[in-house]
Structure formats: structure tokens, C-alpha cells
Amino acid sequence: MSYNFKEIEKKWQDKWYAEGTFNAKNDFTMKKWYGLIEFPYPSGQGLHVGHPRSYTALDIIARKRRMQGYNVLFPIGFDAFGLPAENYAIKNHIHPKITTEKNINHFREQLKSIGFSFDWSREINTTDPEYYKWTQWIFIQLYKHGLAYKATMPINFCTGCKVGLANEEVVNGVCERCGSPVVQKEKSQWMLRITKYAQRLIDDLDDVDYLDKIKAQQKNWIGRSEGAEVTFKIADSNETLTVYTTRPDTLFGATYMVVAPEHPIIDKLADKITNIDEIKEYKHQASLKSDFERSELNKEKTGCEIKGIKAINPLTNEEIPIWISDYVLITYGTGAIMAVPGHDTRDHEFAKKFKLPIVQVIKPVDEAIECDIDKEAFTDVETGILMNSGFLNDLPVVEAKKKVIEFLEDKHIGKKQVNYKLRDWVFSRQRYWGEPIPMVYCEKCGWVPVPEEELPLKLPDVEDYEPGENGESPLARHAEWLNTTCPHCGGKAKRETDTMPQWAGSSWYYLRYMDPHNDKALASKEALKYWSPVDWYNGGMEHTTLHLLYSRFWHKFLYDIGVVPTKEPYQKRTSHGMILGSNGEKMSKSKGNVVNPDDIVNEFGADAFRVYEMFMGPFDQTAPWSMESIRGCAKFLDRVWNLQNLLVDGETYSPKFEKAMHRAIKKVSSDIEEMKFNTAVSTFMTLVNDFYKEKTINKAEFKTFLQLLNPFAPHITEELWQTVFGGKEMLAYMKWPTYDEEKTIADEITLPIQFNGKLKATIMISLDENEESVKEKVHQAVEDKLENKTIVKEIYVKNKIYNIVMK
RNA sequence: GCCGAUGUGGCGGAAUUGGUAGACGCACUGGACUCAAAAUCCAGCGGGAAACCAUGUGGGUUCGAGUCCCACCAUCGGUACCA
């Protein structure tokens, strides 16, 4: 018989959320636990079945922590600024504020219908002026500390819509919406100096408990490399050309140089360049290409020799040619390289194409290794030995690097240098639906921050959100907003019309949860001290390099200026796998494989939904949705409900189930900590099967079972606890069951007997039975099979296995 | 190319970390209940008549390998001319 989940789940949800059952307590003397999930973007489509995977997982941990006596903070909010709401507004002429509010209401109902133990009294919304007041405040602090600056940067510009586009809106080099080509357009933008924190963002990963793959991906993204800067003289000139290289040891093999098209040396030496028109034409062609084209259409390298000037290799003193090519990027290193075609694949390709000399300066230490420098660059560092390199000859690569850097530093023509791939964060968006950047431009005083007492600087209510011509922000059209007075001199001034990117509000939201209604500070010192850091943060891998890195950066800055008490925001970071459609493809409207959480809750109930999401597969791996499997989980809960029909009295576990109970407590407890939810669920199922097999369960067993299952299926378990046991106190706050290690160990063991590692039989032995006795039993058991065999040796691994090696 | 993962029945997946491969669930088959169906309960369920064969492929280490080592293949995610 099925239980009435609709009625039961509603009943408990109403009680929990009306009474604030799961709200964090303001008792700062208790031990605390702060669990965080990525707050959703309230899209028009409503909740995706992917959201509850992460939410259920952390909800289970949060619920377990409450039972373990922690003061738990498990908050929820909405990351509500962003493009979809704005695009929807442009299309349908409904203010983003209205759609956002509507969507949030929908999300809130959906989230409540799944029974998450969120503290709804702390709900936040990034578009609330009382919230973004502090987002703006942080920006001003960044500006005051020299970490926010204006720079002219190329942006993606759609030639059709005449708007600036975010990178995510550029698909294969064309505009996602209209399909017109996207070009790069120079625009003055606010930038945040995240690069200043690059090294600390790497180093401090040592102090946090993130999954290794998350650490690896962040390190990769920051992209630290060690090498040297080397300065080359330009022949017959006072100019020099500085390059960055990770292989200074190959300097003797540098046979030419290459500069990026945007490199300033071309303008500086324009008079000397004999083919300046050709070079200008190359520069022009390169500027027409988008970043996308420069990287995607790179099958064939292009380039052009800069005639009339030569560089001098500081070690060989030979004059070498200088080329221009767009495979060298102005944004990395010095925008110029020394080319060592013998030992760099790209330089080799370029040298081959333009018939430039290739010199070998490294050979493999093992002569047996094939190495034909004319065919292919030899790039192996581990096995390399220097040759044709004067004072570096015969040194291994690692030694040669050290020695050459010493030499360069001694002669003041180079130095050790560390570089990062990480670039500063482009913080401006020419969009309406975002936090206004609280800056004012005054002809006399330059950029001046809005005084802090005037925050929040509210986003004005406008009717037209269309981006302006040439990629101007829609706010630029609103004179009333635009024109203001300079907070510094009182003269006429104009406001910044760009808004902040989607990432701004989410970079510090976990701090606001600690004290969400504070109007004096982003949170009180006491709350920050008590709740920091977030103990466990779960989210998607797709946020590893942007959101996670950005918020670590902001947090470190806030730490530096004494606002927050910890160096890192999140002590532990884990990630969940994506949920795919039943056909194994990503869920999308066009593929028609989208599953709506509301339908699942209606048909199977919230508890079944939660149990299924945890049971479907390993938590950190992608998993396809299956309607059949969720039915199995609903059936399991029916069986749990009907256990009450088998119930007998009993103050303690019956001998029949004692071991099973202790083992289940142990297994479920550790599985939750390790996020092995799928095997925890199978433990529950096995246990239920055992109760059915024996057609009995006593009260002690049932009580423990309900407690263990409560974090996974909170509604049905509370209901059974109340109706069957007459429990007054809520299960959710009862002490988490404990187990006795000794009682998890079996005293009888099935011992496998192998012949040459292959299973032949099993026997029962008692735990730690002496070897003589085991041997006797084994031989008795396989006597007949031993005829005509010569035993070579016998291996007994205590309580594990008995293997007979024979001929 | 580089970085990270993954590969086990018809399907989703287990496997105490080197010790009985296939727990648990789905699907399927049979039985009970029912006038009947659904639901429920019980039983079976990798292949093979068996010896045996089976954890992407080929080697290796070991008394013993899904698990460790070497060389590959395939799929997915991230990143990409980063010098």
C-alpha cells in the first residue's frame, strides 16, 4: 500500500517553514557548521532537476550535523542579475524586476516543495538594493586600494545588433542571437587586478580541502610558469627588444625573433623599417580577426619579416632577423619571443614555412633516442644535454637554465621571471540589468567614487533596456541618471553607465548570509568571526575557474583590509556531476528531454525524488535520468512505510539484526561524509529487504532506521516517528545514532578456498580461528578435488582467503 | 597538443582499497493473491552442457589483479599558438 506523500509532505513543510525549524541559532557559543550550495539564477524555466542533486546532498549533510549537535547555517538566496532576464525584457517589454520577482516566487515554492532544510529567514537576492549596496561598497574599497582601474580593452561587438556581447554570447565567432559576425572593438572598461593575487591564489590552495581536480584546474587556469626575461639589442639603434622565455637554456639556438602585431617596437622603429607598408598591412589584417579566429584558424602560421632592423643574440652576438606574426600574443609575457626552432614546436613550424635557420643546441642524453632536428623540434627537458652552446655545453637542461640566468643577471641583460596566464578581470558590462558601478567622472577630478553614505546607488527604473549604438550601456541614454555633480569638487560630472558582471553579486554572498539584515556593514564582526569560513561548499565544476576564483580573490582582498577574519572563504569544496536526459544527452528544450522537478514531486513525492537523486550514481559523476529507476525508489519508500505492519516491541536490537544495525550506522555515517550517497541508499534497501525476509522489525531497530534515513527522506521519517512512536521531539534534532565497532564484526566468516587463485569452494570458520584448525577444515572440504595433484604451497591470509598452489 | 576524469551484465551501478566480480536498483522470467488487471509478496536472472570464459585492448608483477606497473584504444569535461 502506498502512503499519502502529498498530504504528509505538505504537512511537514508547512510546519518547518512556519516555525523556522531549521533556522540557524544566534547562540555563538555552540559549535557551528556552515554548509553552502550555489544559489540559483532564477530563470524563467524554473528549477532544473540538476539543482536538487547538489542541494539534497548538502541538505543531508546539514541535517546530519544538526543531529550531531551543531549550530547549522544552511542558507539560500537568488543570484538574480543577468542577461536572460534582460533579454526577456527586451523581447517582451516587461521590466526585469517584475520577471525576476515572479521567477523567484516560483523557485521558492519549488524549493520548499522538496523539503530542503534551508534557513529561509536569511534569504538574499543580489538585485535587492540593500544587498547590492555592499557589492558597490566592496567595489569602492577595491578602487581605493588600487585594485580597480580603467583600461581600454577589446570587447566582442556584434556588427548586426550593434551591441557589446559577453564571451558566452559569442558562438563560433558569430552573435548567438542574430548570427552576425562578431568583431573586436576597443572600449574603456573597469578592470579588477586579480593578477596581483595570482600567487596567493595558488599558494593558499595548500590550506584548503578542495577536491584535487578542482585545485588542479585552478592552478592550470592561473597558469604559473617560470623562466627568464632576456633583452636583445637592436643593431644600429638604442632600442632593445625584451622577450620572455621558459627555456633560457636554449638561447644559443635563438635564430630569429617574433613580435606580436600590436608590439610598440614597430611604431618606434618605423623610420628604419624598409617594408613598413607591408608590415602595416599585416597588422591591419590581424586586427580584423577576432580572438576566436586567431586561435581557431591557426592551422597555418602567417607572418612577415620586418626588414631593415636586426636583433643581436646576446650569447652568439649574431645578427638575427625580426618577424611579425599573430601566433605571438601581445597579452602574454612581453609580446615578443626569441624563436628557437630546434626546440619549440611552434617556432619549428614557422621556421620550416619561412625557411629560417634551425640550430640544434640540445641533444638527448641517451644517444639511442632518435632526434632529427630538421624533421621535428626536440622539446624534452628531462633528457636534454646542451650542445653548440659555448659555456653551457654538456650541462643537463635544468643546470643550464640556472647557469644562463646567473650569466644574464650578471651582465644585466636578463633576469629570472615568473609569468601567469591569468589576466585581470574585465568588470564592465554595457548592460542594464546589473549593479551600477558607483563611480563618477569629473573633468577636473577624474574618476571619483560615489560617497559611501550615498550607497546604494540604485539602478534607475527605465523603460528601454536596448543596448545603445556602439555598445553603449542603456543607462547612457538617461540624462537624469547620467548627469550628476562631482562628489569631490561639486562641479558637473557624469556617472559611469556600465554595470557590473553577473559574477559580482556571487563573489561575496556567503558573507551576507552570516548576517543578512545588517544595515551598518556587510555583516557584523561577531557573525563573521563565528561563521567563517564556510565549512563545506558544493557546486558545479563549471564554476571552478570563474566564480570560485573570483570569490577567493574578493575574500583575500577583504581579508587584507581587515573586513573578514579568514584568508580563504571556503574550507572544503566538492562538486556534483551533471544530470543528463534519459537519452544520455544534456537536457534541453529543443531535444525534448527536460524533466520538470514539479512533475516528479507530484507523481512520486519529494522524498522519492531526493532518494533517487542520491541513488542514481556516484555523486561526482554525470548520470542520465531514468523514470523507471525513480519508481524503484518510490517503491522502496512504500516498503519503509509498510514496515510498521511488521513492528514488534523491543527496547534493544534483536540478536538477529544487531550486527546489521551497527554496520548500517557505520556505513551510512561514513558514506554521508564521503558523499557516497548511492551506497548509503543501497544500505537502507538491503536492511529493509532483511526485515521483510524475517517478517519482523522491533521498535529499537525501526527507530534507528528512521533516524538514519531522515536526512535522505525527511518527511516520511518524521511522519512515522510521530504516528508510530508518538514522538514529540522532532527526529531532525535527535541525536545521530552511534555504533559499536566490535558489534560490526562478524564472528563467523565464509572463507573462500582457491586453487591457484581460482575459487573452488567456501567453508565457514569462526573469526580468528587458529590456522591448524582452518587447514584441517579446508583439506576436508576439498579432499576429493586434491587427488592426483601435487601441492606446491598453501597460503592462508587470516580471515580472508585460503589458496592452494599446485601443479 | 596539454590537464582532468571515465570504461564492469540488457541498463544505472557495487566491490572492505591486492583476497568469493556483479551488492542495491531497473528491466526481464516464473509463482502466489485476483473473475481479471494493476499493486503487493515470494523465487530466479553475466556467458557456457561442462571444463571453463568474463571487468575497453595487449603485455607485465603476484600464490592471487576490476584494483598495482608498462604500452595502447575509446568516450566525456576543461584548456589551448601562454613562448
Side-chain angles (χ1 to χ4, degrees), chain A residues 1-2 211-217 219-221 223-225 227 243-248 250 254 258 260 294-299 301 325-329 331-340 343-347 349-350 419-423 541-542 544-545 577-578 580 582 584 611-612 615-618 620-633 635-636 638-639 642 663 667 676 678-689 692-693 695 744 750-762 792-797 799-806:
Chain A
M1 204 187 72
S2 293
L211 292 183
D212 285 341
K213 62 175 173 180
I214 296 174
K215 287 189 184 184
Q217 205 169 307
K219 282 183 190 165
N220 254 336
W221 183 263
R224 181 194 155 99
S225 74
V243 301
Y244 173 71
T245 176
T246 54
R247 294 295 302 275
T250 61
V258 189
R294 267 174 81 160
S295 57
E296 282 301 307
L297 306 177
N298 66 6
K299 275 142 200 136
K301 285 187 174 36
S325 173
D326 64 5
Y327 85 88
V328 175
L329 307 175
T331 45
Y332 185 78
T334 62
I337 61 156
M338 64 177 209
V340 186
H343 306 285
D344 181 282
T345 323
R346 294 150 305 178
D347 297 343
E349 191 192 326
F350 193 81
N419 259 329
Y420 303 90
K421 287 185 203 169
L422 185 70
R423 317 229 179 123
M541 278 309 283
E542 71 274 20
T544 303
T545 49
M578 228 188 348
L580 305 173
S582 51
V611 168
Y612 172 61
F615 184 59
M616 66 196 305
D620 60 346
Q621 281 167 39
T622 55
W625 185 267
S626 161
M627 279 301 177
E628 288 72 40
S629 289
I630 191 172
R631 205 160 277 127
C633 293
K635 191 167 122 184
F636 159 71
D638 281 340
R639 278 161 74 81
N642 290 326
R663 281 184 192 160
K667 177 80 176 140
K676 288 160 79 176
N678 52 333
T679 50
V681 173
S682 71
T683 302
F684 293 131
M685 290 172 168
T686 308
L687 212 46
V688 170
N689 290 346
Y692 271 82
K693 209 161 274 169
K695 296 194 178 62
T744 65
T750 315
L751 187 77
I753 304 168
Q754 295 181 333
F755 288 3
N756 292 333
K758 277 179 184 154
L759 182 75
K760 291 292 165 183
T762 61
V792 179
K793 76 177 161 174
E794 294 175 51
I795 296 157
Y796 177 53
V797 183
N799 299 330
K800 288 271 190 193
I801 201 143
Y802 199 102
N803 191 12
I804 303 174
V805 187
M806 57 179 57

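Quantities reported herein were computed from a predicted structural model and do not represent experimental measurements. Proteins get letters first, then strands, A, B, ... in listed order; numbering begins at 1 in each. What's counted below: heavy atoms across the whole structure, side chains too, no hydrogens, waters or symmetry copies.
Between A:Ile630 and A:Trp625 the shortest heavy-atom distance is CD1-CZ2, 4.1 Å. Between A:Tyr332 and A:Tyr420, the shortest heavy-atom contact is CE1-O, 3.6 Å. Heavy atoms only, all atoms of each residue included: A:Asp347 and A:Met338 are closest at OD2-O, 3.9 Å.
Between A:Thr544 and A:Trp221, the closest side-chain pair of non-hydrogen atoms is not below 4.5 Å. A:Val681 has its side chain out of reach of A:Tyr612: every pair of non-hydrogen atoms, C-beta onward, lies at least 4.5 Å apart. Looking at A:Tyr327 and A:Glu349, their side chains never come closer than 4.5 Å, going by heavy atoms from C-beta outward. Two residues are said to be in side-chain contact when any heavy atoms from C-beta on lie closer than 4.5 Å; A:Val340 and A:Arg247 fail this criterion. Counting heavy atoms from C-beta on, the side chains of A:Met685 and A:Val688 never come closer than 4.5 Å.
Atoms OH (A:Tyr420) and C1' (B:A83) sit 17 Å apart, rounded to a whole Å. A:Leu759 has its CG atom 15 Å from the C1' atom of B:A51, to the nearest Å. Atom CG of A:Asn756 is separated from atom P of B:C63 by 11 Å (rounded to the nearest Å). In this structure, A:Trp625 places its CH2 atom 14 Å from C1' of B:C26, rounding to the nearest Å. Rounded to an integer number of Å, the gap from CG of A:Leu211 to P of B:U6 is 12 Å. Taking atom CD of A:Gln754 as the reference point, atom C1' of B:G19 lies 6 Å away to the nearest angstrom. Separating the CH2 atom of A:Trp221 from the P atom of B:G78 is a distance of 11 Å, rounded to the nearest angstrom. At whole-Å resolution of the value, CG in A:Asn642 and C1' in B:U40 are 9 Å apart.
No contact: A:Lys219 has no heavy atom under 4.0 Å from any strand. Looking at heavy-atom distances under 4.0 Å, A:Asn220 makes contact with sugar-phosphate atoms alone, never a base. In this structure, A:Ser626 reaches neither bases nor backbone, as no heavy-atom distance under 4.0 Å exists between it and the strands shown. Note on A:Val797: a base of the nucleic acid sits closer than 4.0 angstrom, heavy atoms only. When heavy atoms are screened at a 4.0 angstrom cut-off, A:Gln217 is found touching the sugar-phosphate backbone but no base atom. If you check every strand for non-hydrogen atoms under 4.0 Å, A:Gly632 touches sugar and phosphate atoms only. Residue A:Lys213 is in sugar-phosphate contact alone, with no base atom involved, counting any heavy-atom pair closer than 4.0 Å across all strands shown. Within 4.0 Å (heavy atoms only), A:Thr750 reaches at least one base atom of the nucleic acid.
To the nearest 0.5 angstrom, A:Met616 atom CE is 8.0 Å from A:Ser626 atom OG. In this structure, CG on A:Asp638 lies 11.5 Å from SG on A:Cys633, to the nearest 0.5 angstrom. In this structure, CG in A:Asn803 is found 10.5 Å from CG in A:Leu759, a value given to the nearest 0.5 Å. Separation of atoms OG1 (A:Thr762) and CD1 (A:Ile753) is listed at 7.0 Å; rounding is to 0.5 Å. Taking NZ of A:Lys793 as the start and CD1 of A:Ile804 as the end, the distance is 13.5 Å to the nearest 0.5 Å.
With B:A83, B:A27, B:C24 as the candidates, the nucleotide lying closest to the side chain of A:Thr686 is B:C24. Closest contact between the side chain of A:Asp326 and the listed nucleotides B:C53, B:G19, B:C81 involves B:C81.
When the nearest nucleotides of RNA chain B are assigned to A:Met338 and A:Ile801 by heavy-atom distance, the more 5′-ward of the two goes with A:Ile801.
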Counting primed atoms, P, OP1 and OP2 as sugar-phosphate and everything else as base, the B/S/- map of nucleotides 11-17 of chain B against protein heavy atoms under 4.0 Å is -BSSS--
Can you give one letter per nucleotide of nucleotides 42-48 of chain B, 5' to 3': B if a protein heavy atom sits under 4.0 Å from the base, S if only from the sugar-phosphate, - if neither? S------
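Nucleotide B:G44 forms a pair with B:C28, judged by Watson-Crick or G-U wobble geometry with both contacts under 3.5 Å. Pairing partner, B:A80: none, since no Watson-Crick or wobble contact has both distances short of 3.5 Å. Here B:A49 sits opposite no nucleotide as a Watson-Crick or G-U wobble pair (both hydrogen-bonding atom distances under 3.5 Å). Pairing of B:A71, defined by two Watson-Crick or G-U wobble distances under 3.5 Å, is identified with B:U57.
Applying the 3.5 Å distance criterion, the base of B:C81 shares a donor-acceptor pair with the side chain of A:Lys301.
Nucleotides B:C45 and B:A23 are separated by 15 Å at their C1' atoms, to the nearest Å. Annotation: B:G10 and B:U57 have their C1' atoms spaced 23 Å apart (nearest Å). As rounded to the nearest Å, B:C11 and B:G4 have C1' atoms that lie 27 Å from one another. Between B:C63 and B:A50, the distance separating the two P atoms is 32 Å to the nearest Å. Separating the C1' atom of B:C68 from that of B:G64 is a span of 13 Å, rounded to the nearest Å. B:G56 and B:A15: their P atoms are spaced 16 Å apart (whole Å). B:G60 and B:A14 have their C1' atoms separated by 28 Å, given to the nearest Å. A gap of 15 Å separates the P atoms of B:U67 and B:U61, to the nearest Å.
Against the 90° criterion about 0, the sugar-base torsion of B:G47 places it in the anti range. Glycosidic conformation of B:U17: syn, with the torsion inside 90° of 0.
Contact check, A:Tyr332 against B:A83: a side-chain N or O comes under 4.0 Å of OP1 or OP2.
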